[in-house]
Amino acid sequence: MLKSRPLSTALALTLSLFLLASTCCAHNITRILAKHPAFSTFNHYLTVTHLAAEINRRQTITVLALDNAAMSSLLAKQLSVYTLRNVLSLHVLVDYFGAKKLHQITDGTTLTSTMFQATGSATGTSGYVNITDLKGGKVAFGSEDNNGKLDAVYVKSLEEIPYNISVMQISQALNSAEAEAPTAAPTLNLTEIMSKQGCKAFTDLLKATGAVKTFEENLDGGLTVFCPTDTVINGFMPKYKNLTAAKKVSLLLYHGIPVYQSLQMLKSSNGLMNTLATDGANKYDFTVQNDGEDITLETKVMTAKITGTIKDEEPLVVYKIDKVLLPRELFKAEAEAPAPAPKSAKKKKKKAATAPATEDEEADSPDADAPADDSEDSTAADDNGISKMDGGRLVMVLLSLCLAVILF
């Protein structure tokens, strides 16, 4: 009995972790819709309007998806991307409705809030959607400001993860005069935003080189900027002045990503990131890593840390960083600089024979208290240990899952 306890504990822990992993992970609307080619246009515009990121951040959501034919009818209205965002946000309910729940609505009809209502742009209850259970098993949908007309009907469920996300097809787009009203583009003055928040020196460099134009051209589609503070830029200027005009532009563009990446998105998407400087074979990428709440940007030359957020209003986010990002493409020599070679044993012996070292000389010596170079042996030992550890863990996980299947 005593021997079975560790195995039982391991099994229970493994099952708990398995269940936690299967329920806690955030949904991804883009991946869900990617499995259904007939909804590719709808999926595309959720990304273009930045609604996909908003949907993924929500804990409970229902998406009323439109197939490519329904989207063609909507796009024929030639709405601006900002107006289209409002219309599509009307198709995202901030509550969970699975196929079963649609047919169990109390009193047969209900009003539910949408992401359009949540934006604050909708007046009164125009951001609400009416859901009504009709005869013959049909369920109809209509926006509250559409004079009671129910334009669309439920077609089928695409995916349901109770009570997290439900994606279901409706027959056509919901009509709403409020949502379709012309919407002006948000006014985002990038240089003004950064100049007022401790990044004036970086902004001045963007203007002087003309690189600011590339940053501004990417604003509408989404932009993330990593801005070294004024103190950091001032300390870097001696190196900066030695760069050619073209290299200065590449260095500055290296501090921008052509997509919107909130802090939460950066934490959940660790890995390589392309930048505004990326151009074919010239990768100009860096790696995003996070340790708890700290987020670092690792090039092959150095590592910088995000120290604060200047602006976060989709489609723009600007972060402060504590160092200038140095791409390997421009600072290859620093990335590959060899470590200084240790003094030879002969020189040490000769010095010892000619004159005994004083205590101060011994303390200043770069070889004083230096351990023997066992790096290769220790690396091999570590690799062997890791290999054994990973194999053991793999066996335990497989064994636990097999036992789970047998027992349950």
Taking the side chain as C-beta and beyond, is there a heavy-atom pair between [X] and [Y] under 4.5 Å?
X      : Y      : value
Phe42  : Leu33  : yes
Phe331 : Thr299 : no
Thr275 : His255 : no
Asp151 : Asn146 : yes
Ile193 : Leu316 : yes
Leu252 : Tyr240 : yes
Pro327 : Leu251 : yes
Asp285 : Met273 : no

May I ask you to check whether over 12 heavy atoms, not counting those of Lys247, lie within 6.0 Å of atom NZ?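 It does not: Lys247 NZ has 12 such atoms or fewer within range.
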
Neighbour count above 12 (heavy atom, 6.0 Å) for Lys283 NZ: no

Donor-acceptor contact present, side-chain [X] to main-chain [Y], <3.5 Å:
X      : Y      : value
Asn43  : Thr30  : yes
Ser250 : Ala246 : yes
Thr278 : Asn274 : no
His91  : Val63  : no
Tyr154 : Ser157 : yes
Glu329 : Tyr284 : yes
Arg328 : Lys300 : no
Thr114 : Gly127 : yes
Ser89  : Arg85  : yes
Thr209 : Leu205 : yes

Grab the two heavy atoms, one from [X] and one from [Y], that are nearest each other, plus how far apart they are.
X      : Y      : answer
Tyr96  : Ile161 : CE1-O, 3.9 Å
Asp230 : Ala201 : OD1-N, 2.8 Å
Gln169 : Leu158 : N-CG, 4.4 Å
Leu325 : Ala304 : CD2-CB, 3.7 Å
Asn28  : Asn56  : CA-OD1, 3.4 Å
Lys267 : Asn290 : O-OD1, 3.3 Å

Test side chain to side chain contact (heavy atoms under 4.5 Å, CB included) on Thr287 and Gln289; report intermediate values, then the result. CA-CA 6 Å; Thr287 301; Gln289 294 288 350; 3.4 Å; yes

So, [X] and [Y], do they make that salt bridge, N to O below 4.0 Å?
X      : Y      : answer
Glu159 : Lys35  : yes
Glu192 : Lys196 : yes
Glu54  : Arg57  : yes
Glu180 : Lys77  : yes

Test side chain to side chain contact (heavy atoms under 4.5 Å, CB included) on Tyr319 and Val225 and set out the steps. CA-CA 6 Å; Tyr319 301 109; Val225 182; over 6 Å; no

Side-chain donor-acceptor pair under 3.5 Å between [X] and [Y], yes or no?
X      : Y      : answer
Gln261 : Ser269 : yes
Thr191 : Asn189 : yes
Tyr82  : Asp220 : yes
Asp294 : Thr296 : no
Thr214 : Glu217 : no
Asn86  : Thr183 : yes

Could you measure the distance from the [atom1] atom of [X] to the [atom2] atom of [Y]? Nearest 0.5 Å is fine.
X      : Y      : atom1 : atom2 : result
Tyr45  : Leu51  : OH    : CG    : 13.5 Å
Leu188 : Leu223 : CG    : CG    : 9.5 Å
Phe39  : Met71  : CZ    : CE    : 11.5 Å
Ile310 : Cys227 : CD1   : SG    : 5.0 Å
Asn218 : Ile257 : CG    : CD1   : 11.5 Å
Ile55  : Thr47  : CD1   : OG1   : 9.0 Å

Tyr254 and Phe286: CA distance, side-chain angles, deciding distance, ring-ring contact (aromatic ring centres under 6.0 Å, His included) verdict: CA-CA 9 Å; Tyr254 190 58; Phe286 54 73; 5.6 Å; yes

Walk me through whether Thr224 and Phe226 qualify under side chain to side chain contact (heavy atoms under 4.5 Å, CB included). CA-CA 7 Å; Thr224 301; Phe226 300 99; 3.7 Å; yes

Kindly confirm or rule out a cation-pi arrangement of Lys239 over Phe236, judged by NZ or CZ under 6.0 Å from the six-membered ring centre and within 45° of its axis? no

Stepwise, does the side chain to side chain contact (heavy atoms under 4.5 Å, CB included) test hold for Glu144 with Leu111? CA-CA 8 Å; Glu144 183 63 5; Leu111 276 182; 3.1 Å; yes

Set out, in order, the CA-CA distance, both residues' side-chain angles and the distance that settles side chain to side chain donor-acceptor pair (under 3.5 Å) for Glu178 and Thr123, then state yes or no. CA-CA 8 Å; Glu178 188 82 17; Thr123 59; 3.2 Å; yes

Decide yes or no on side chain to side chain donor-acceptor pair (under 3.5 Å) for Asn68 and Thr41, but give the supporting numbers first. CA-CA 6 Å; Asn68 293 341; Thr41 305; 3.2 Å; yes

Between Asp145 and Ser176, does the side chain to side chain donor-acceptor pair (under 3.5 Å) criterion hold? Intermediate values first, please. CA-CA 6 Å; Asp145 67 335; Ser176 167; 3.1 Å; yes

